[in-house]
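One structure below.
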Number of protein chains: 2
Amino acid sequence: METIVPSDAIGWMPSVDQGGASVHNAVVSTLGGRILGGEYAPGAALPREDDLCAMLGVSRTSVREAVKVLSAKGLVEARRRAGVRVLPRDNWRLLDPVVLGWHPAIQDDEELVSGLLEARRIFEPAAAELAARRATAADLAEIERAVDGMRDNIPNDLNAVCQADLAFHKGVIAASHNVVLKGLVGMLEAALRATFLVTNPLMEAQSRALSAHVAVLEAIRVRDTAGARAAMNRLLDIAADDLHAKG
Amino acid sequence: METIVPSDAIGWMPSVDQGGASVHNAVVSTLGGRILGGEYAPGAALPREDDLCAMLGVSRTSVREAVKVLSAKGLVEARRRAGVRVLPRDNWRLLDPVVLGWHPAIQDDEELVSGLLEARRIFEPAAAELAARRATAADLAEIERAVDGMRDNIPNDLNAVCQADLAFHKGVIAASHNVVLKGLVGMLEAALRATFLVTNPLMEAQSRALSAHVAVLEAIRVRDTAGARAAMNRLLDIAADDLHAKG
DNA sequence: ATGAAAGCTTACGTCTTATGTAAATCACCC
DNA sequence: GGGTGATTTACATAAGACGTAAGCTTTCAT
């Protein structure tokens, strides 16, 4: 079924700044950060609505809307008369990039960092294999542009390299054309950001990484499914090495 | 790491009924269902807040809280003066069980069903392998209880079998002790529910499935990582067969 | 006639106040 | 001593007012 999009919908890209300047977003970020940071532990109760209003200097409306958002992310649950309590960590939507963005020091969360890398080693090789099978010309162009972006900015603009690296991995996942994998790009984004915070950007490591990226791209281009999987595995080996060496 | 829970938090399990009786939950479900059902397509604008209030017969407060929840799930974005618009599908948090629950006919969404199964074939064998490496005695007991639940209810109580089947897969993922995989149980739950809706419950198929489940359990018990992966692959082969035969 | 700037309009954002409701607590009666 | 009912508490809902920014229109100067 083709989805019909009104012509006036062009240009309606979702805004990027999730921590926008609005009052209720500020409250969401504040409370989310405190929960992710352990200030409000699972099982603990948040202050009463009225107290939160006084503490944060905002109206009850804003606090309530913020609690609704946190509740939608699985971080808290509000019950009549009993207050708002932090839910067990298993309920947190940790794959939601917004939630991960509230983590005050994601790179110090050992379980999370290793869990993210482990997950990447599970699904990224599979995504590369699917991409080798299904990538369209546009998908390939997108991945190639990311590789070019890495090459062009080594070793000058480190930030641009990280951004291109991220675009590469997002491109591969998009090329897999699998809805579930596409749902994980947010998680991947956070994982890479955490990695960039930890790994010392040595030029040698960067060039090694670049050649690994090129290998994945070429395997996808020639529809070599096994090769794409193997190349992505090598790429992740390198990433894991860097993480262990410098973490 | 064991999470510390205040003593007064005992009994604070998250409530299961997400489509609860509250007004704003009703609005969320209604609008979420319409969006997932395609009534409001990506790029389209929802009616104005005031109009929604009139249409649904609720206050603006409830509508606004509902929009906040939908926004947190990535389904819509509200902008000043411009209204509330449905975001592109790639932004939807489809891995969120609540979002999947809004899908009016998940088993008819071909791309989604096949994508879910494909994702399961990526994650679940890996989860089984990790479980074989890390499962605690409690994890094993949980998985064994699920297998017993399947065996005891074949072929009488089909519903109980499905529930035990789900518990089995959740148990394996929990035993993997990977934070990302644990974030996918909601997705898995929806995938299995969709599968149960499609596959005709033949007794022969059930007994085949049961023996495959037992094989996974035994491999995990004896810490046979490769065997656990292989057994889970066989189990998913059977599931895929059933899906193709009956879908 | 064209284009930019100023102002107007609109619809979401925020705050306030009032009232409803369920659940926890406590008191009272059996 | 235990159970039932009144009370209290804190979240849930509603309604109204005002703020604000984004889109639209008008106007004026080039």
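Per chain, numbering begins at 1; letters A, B, ... match sequence-line order.
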Next on the checklist: Strictly below 4.0 Å, N to O, side chains only: are B:Glu49 and B:Arg64 in salt-bridge contact?
Outcome noted: yes
Nucleotide N/O to protein N/O under 3.5 Å, stretch nucleotides 16-18 of chain D:
unit_1	atom_1	unit_2	atom_2	d
D:dA17	N6	B:Arg60	NH1	3.3

Checklist entry - For the pair made of CG in A:Asn25 and C1' in C:dT14, what is the distance, rounded to whole Å? => result 13 Å
Item to check | B:Arg48 side-chain N/O to C:dA11 phosphate OP1/OP2 under 4.0 Å | outcome: yes
Checklist entry - Is there a donor-acceptor contact under 3.5 Å from the side chain of B:Asp165 to the main chain of B:Cys162? => result no
Checklist entry - Sequence neighbours excluded, which residues qualify as side chain to side chain donor-acceptor pair (under 3.5 Å) partners of B:Ser114? => result none
Checklist entry - Would B:Glu189 and B:Lys170 pass as an ion pair if we require N to O under 4.0 Å? => result yes
Checklist entry - Just how far, in rounded Å, is C1' of C:dT14 from CG of A:Leu56? => result 15 Å
Checklist entry - Atom CG of A:Leu52 and atom P of C:dC15: how far apart are they, to the nearest Å? => result 14 Å
Item to check | Between D:dG19 (C1') and B:Arg64 (CZ): distance, integer Å | outcome: 13 Å
Item to check | CG (A:Asn156) with more than 12 external heavy atoms under 6.0 Å | outcome: yes
Item to check | Salt-bridge criterion met for B:Glu118 and A:Arg134 (N-O under 4.0 Å) | outcome: yes
Checklist entry - Between CG of B:Asp96 and CG of B:Leu75, what distance do you get to the nearest 0.5 Å? => result 9.5 Å
Checklist entry - Is the phosphate of D:dT13, meaning OP1 or OP2, less than 4.0 Å from a side-chain N or O of B:His24? => result yes
Checklist entry - Where the side chain of A:Ser62 is defined as all heavy atoms beyond and including C-beta, which of D:dC24, C:dG13, C:dC15 is the nearest nucleotide? => result C:dC15
Checklist entry - Taking the side chain of B:Lys68 as heavy atoms from C-beta outward, which of C:dT10, C:dG13, C:dC15 is closest to it? => result C:dG13
Item to check | Protein-nucleotide distance (B:Leu70, atom CG; C:dC12, atom P), rounded to Å | outcome: 14 Å
Checklist entry - Nearest to the side chain of A:Arg81 - C:dA22, C:dT14, D:dC24? => result C:dA22
Checklist entry - Atom CZ of A:Arg80 and atom P of D:dT8: how far apart are they, to the nearest Å? => result 19 Å
Item to check | Length of the CD-C1' vector between A:Glu49 and D:dT9, whole Å | outcome: 12 Å
Item to check | Integer-rounded Å distance: D:dA22 P and B:Arg85 CZ | outcome: 15 Å
